[in-house]
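Keep in mind that what you see is a predicted model, and the values were worked out from it rather than measured.
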Amino acid sequence: MVGPGRPLFVLFGSSVVQFSYGNGGWGAILADYYARKADILVRGYAGWNSRRAVQVLDKIFPKNAAIQPALVIVCFGGNDSFIPHPSMKLPHVPLQEYVANMEKIALHLMGLSETTRIIFLSCPPINEEMHRLTQDPKLCVTVRSNESGKKYSEACKQLCWRMDLKVIDLFAVIQEHDDWSTRCYTEDGVHFSAEGSEIVAREILKTISDADWKPTLYCNAMPLEFAEDSDYDPE
């Protein structure tokens, strides 16, 4: 722990989170936006599904930790929604189990502290054509589809509405852009490019600014660390 203590934001999820600091990713955008105001910690694990996440909740978010996060942003579902294939070991998780796992994650995070806030991100749509082009032709099997992803995205939203949690419907937000399937919002059809990350970061910042949270996590209303206490601070 490096002091003095700033509010801690944790990004928790699969590869969409793990890669969020590279190439102008949305995690890097948040870190830049909250410079000197909050620390952004990445806990992203490529290939993980909600089943694996539940297994390590106590290790990643111990309830007896001296410092608990002010905000946790959770994104699982893209791998859970893989289409099962008889000849391949895939991270697919049945829809009902996915919902149960996400509820377990939410309940665990809600139990960390009275001031720990939570935002869920539903799985985003994929550019199916781009994804096929970036796969190895020898191993090219259709294991992802927007038809499947939409079911998991809707289930995530319904769970959050039921539990009164903030949720960002990335599946819908990305598709609000008419050219989403032709513009480079992803690097490989799945993972966000810098342009796609700008959309994700903007939605997260809007959700935070609109939230009636006390203390507020709205960046412009948060104190600046070591503000105006140096002769060398710019005017």
Side-chain angles (χ1 to χ4, degrees), residues 1 5-21 26-27 30-31 34 38-82 91-124 149 151-171 200-201 203-205 207-208 210-218:
M1 177 62 190
R6 303 177 186 176
L8 178 64
F9 294 2
V10 183
L11 315 182
F12 181 44
S14 56
S15 54
V16 170
V17 171
Q18 180 177 327
F19 303 155
S20 69
Y21 260 45
W26 58 273
L30 293 179
Y34 277 91
D39 288 330
I40 313 296
L41 187 65
V42 174
R43 290 294 181 266
Y45 306 90
W48 276 31
N49 55 22
S50 63
R51 183 184 297 162
R52 183 71 179 98
V54 167
Q55 294 172 351
V56 296
L57 275 175
D58 288 321
K59 294 181 180 179
I60 298 176
F61 300 100
K63 289 192 174 182
N64 61 351
I67 298 175
Q68 295 293 358
L71 173 66
V72 183
I73 300 175
V74 181
C75 186
F76 287 102
N79 293 327
D80 297 70
S81 66
F82 266 62
H92 168 75
V93 170
L95 186 59
Q96 288 186 334
E97 182 189 346
Y98 167 72
V99 173
N101 290 339
M102 296 298 276
E103 183 172 3
K104 290 175 184 176
I105 292 171
L107 289 173
H108 183 89
L109 297 177
M110 292 166 67
L112 295 179
S113 78
E114 293 183 356
T115 56
T116 296
R117 310 305 180 189
I118 305 165
I119 299 174
F120 274 29
L121 309 180
S122 80
C123 62
K151 294 176 182 177
Y152 284 71
S153 178
E154 287 295 320
C156 179
K157 285 196 305 177
Q158 293 292 333
L159 172 68
C160 291
W161 291 341
R162 175 165 60 84
M163 299 185 71
D164 195 25
L165 296 173
K166 302 293 183 185
V167 60
I168 298 173
D169 184 358
L170 289 184
F171 197 88
V200 178
E203 290 297 321
I204 291 172
L205 293 171
T207 298
I208 293 173
D210 290 346
D212 185 21
W213 290 336
K214 296 180 182 179
T216 183
L217 299 179
Y218 176 48

Could you pull out the closest heavy-atom pair between [X] and [Y], with the gap in Å?
| X | Y | result |
| --- | --- | --- |
| Leu57 | Lys104 | CD1-O, 4.0 Å |
| Ser122 | Cys75 | O-SG, 4.4 Å |
| Cys123 | Gly149 | SG-O, 3.3 Å |
| Ser14 | Asn79 | CB-ND2, 3.6 Å |

With sequence neighbours excluded, tell me which residues meet side chain to side chain contact (heavy atoms under 4.5 Å, CB included) with [X].
| X | value |
| --- | --- |
| Thr116 | Gln68, Pro69, Val72, Leu112, Ser113 |
| Ala31 | Tyr21, Ile40 |
| Ser81 | Ser148, Tyr152 |
| Glu203 | Ile168, Val173 |

Would you tabulate the side-chain donor-acceptor contacts of residues 210-217 under 3.5 Å, counting partners in other chains and residues two or more places apart, or write 'none'?
{"from": "Asp210", "atom 1": "OD2", "to": "Lys206", "atom 2": "NZ", "distance (Å)": "3.0"}
{"from": "Thr216", "atom 1": "OG1", "to": "Tyr218", "atom 2": "N", "distance (Å)": "3.0"}

[X] vs [Y] side-chain heavy atoms within contact, under 4.5 Å:
| X | Y | answer |
| --- | --- | --- |
| Phe82 | Pro91 | yes |
| Leu71 | Val10 | no |
| Lys166 | Phe120 | no |
| Gln18 | Arg43 | no |
| Leu165 | Met110 | yes |
| Ile73 | Phe9 | no |
| Ile208 | Tyr34 | yes |
| Val74 | Leu121 | no |

With rounding to the nearest 0.5 Å, note down the distance linking [atom1] in [X] to [atom2] in [Y].
| X | Y | atom1 | atom2 | answer |
| --- | --- | --- | --- | --- |
| Leu30 | Leu11 | CG | CG | 6.5 Å |
| Ile118 | His108 | CD1 | NE2 | 10.0 Å |
| Ile60 | Leu109 | CD1 | CG | 10.0 Å |
| Cys156 | Tyr98 | SG | OH | 4.0 Å |

For this session: Can you run down the side chain to side chain donor-acceptor pair (under 3.5 Å) pairs that involve residues 50-67, sequence neighbours left out, and say none if there aren't any?
Result: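 Applying side chain to side chain donor-acceptor pair (under 3.5 Å) to every pair that reaches into residues 50-67, excluding sequence neighbours, yields Ser50-Asp80, Ser50-Asn101, Arg51-Glu97, Arg52-Gln55.
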
For this session: List in chain and number order the residues that pass side-chain hydrogen bond (donor to acceptor under 3.5 Å, both in side chains) with Asn49, two or more places apart in sequence or in another chain; answer none if no residue qualifies.
Result: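 Counting only residues at least two positions away or on another chain, Asn49 forms no side-chain hydrogen bond (donor to acceptor under 3.5 Å, both in side chains).
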
Problem set entry | Pairs satisfying salt bridge (charged side-chain N to carboxylate O under 4.0 Å, His left out), at least one member in residues 65-76, at least two apart |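 Qualifying pairs, neighbours excluded: none.
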
For this session: With sequence neighbours left out, write down each residue that passes salt bridge (Lys or Arg N to Asp or Glu O under 4.0 Å) with Lys157, or none if nothing qualifies.
Result: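 Lys157 satisfies salt bridge (Lys or Arg N to Asp or Glu O under 4.0 Å) with Glu154, Asp169 once adjacent residues are dropped.
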
Exercise. Does any pair with a residue in residues 48-67 pass ring pair (Phe, Tyr, Trp, His ring centres under 6.0 Å), and if so which ones, sequence neighbours excluded?
Worked result: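 Only Phe12-Phe61, Tyr45-Trp48 qualify under ring pair (Phe, Tyr, Trp, His ring centres under 6.0 Å).
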
For this session: Evaluate the criterion side-chain contact (heavy atoms from CB on, under 4.5 Å) for residue pair Val17 and Trp26; output intermediate values, then yes/no.
Result: CA-CA 9 Å; Val17 171; Trp26 58 273; 4.0 Å; yes

